[in-house]
Amino acid sequence: MPRVWLCVPSAREEKDSTLHLWKALGYGVAVFREYERGPVAADLIINTLPYTGYANAVNLLISLVLSEDSECSWTVTGGDDVSPEPNHTPEQIAR
């Protein structure tokens with residue numbers, strides 16, 4: 001079964017973010033944070049590079065996820081304030 005990942009930049013604190021909702025539904029979560037901002041619900045975090053824009057952050061995350069997770073064939077993006085579709089699994093959406 002292919003793994004689906006959410007790839008987004010995030011500057012929000014955990015309590016203000018929707019990342020935990022994505023994880024709870026079974027998505028892998030990859031975030032780009034310009035610097036360490038405290039704990040966040042993510043499987044992969046990049047926080048050692050300067051933020052050079054949304055597209056660059058997302059493209060870097062997707063490249064890293066695809067190189068690290070051989071089972072991943074789909075990624076989604078949005079924002080750390082966007083909720084996932086609650087009635088379908090990531091695999092259903094990927095199909």
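In this structure, the side chain of T18 does not engage the main chain of L21 through any donor-acceptor pair within 3.5 Å. No donor-acceptor distance shorter than 3.5 angstrom exists from the side chain of S17 to the backbone of E13, with no hydrogens or angles considered. In terms of modelled atom types and a separation under 3.5 Å, the side chain of D69 and the main chain of V65 share no donor-acceptor contact. In terms of modelled atom types and a separation under 3.5 Å, the side chain of R33 and the main chain of R12 share a donor-acceptor contact.
Under the 4.5 Å side-chain criterion, counting only non-hydrogen atoms from C-beta, T75 is not in contact with L6. Between I46 and V31, the closest side-chain pair of non-hydrogen atoms is not below 4.5 Å. Contact check for V8 versus L19: side-chain heavy atoms found under the 4.5 Å cut-off.
In the hydrophobic clustering of ILVMFWY residues, with side-chain heavy atoms under 4.5 Å counting as a link, W74 and L66 come out apart. Cluster membership check: V58 does not share its hydrophobic cluster with V82, using side-chain heavy-atom separations under 4.5 Å among Ile, Leu, Val, Met, Phe, Trp and Tyr. If you chain together hydrophobic residues whose side chains sit under 4.5 Å apart, V29 and I45 fall into the same group. Under a hydrophobic-cluster definition in which Ile, Leu, Val, Met, Phe, Trp and Tyr are linked whenever side-chain heavy atoms come within less than 4.5 Å, directly or via other members, L64 and L49 are assigned to the same cluster.
Once rounded to the nearest 0.5 Å, the distance linking CG of N47 with OG of S10 reads 11.5 Å. The CD atom of E68 sits 11.5 Å away from the OG atom of S63 when rounded to the nearest 0.5 Å. Residue R95 holds its CZ atom at 10.5 Å from NE2 of H88, rounded to the nearest 0.5 Å.
In this structure A57 satisfies the side-chain contact (heavy atoms from CB on, under 4.5 Å) test together with P9, F32, Y51, sequence neighbours excluded. The salt bridge (charged side-chain N to carboxylate O under 4.0 Å, His left out) check on D43 picks up R3, K23, with sequence neighbours excluded. Applying the ring-ring contact (aromatic ring centres under 6.0 Å, His included) rule to W5 yields no partners; only residues at least two apart in sequence or on another chain are considered.
Shown here for W22 and S83, the closest heavy-atom pair between the two residues is CZ2-C, 3.8 Å. When all heavy atoms of G78 and Y54 are compared, the closest pair comes out as O-OH, 2.6 Å.
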**OP:** Could you go through the side chain to side chain contact (heavy atoms under 4.5 Å, CB included) check for L25 and T89 one step at a time?
**Re:** CA-CA 6 Å; L25 284 175; T89 69; over 6 Å; no
**OP:** Check step by step if side chain to side chain contact (heavy atoms under 4.5 Å, CB included) holds for L44 and L61.
**Re:** CA-CA 9 Å; L44 183 145; L61 288 167; 3.9 Å; yes
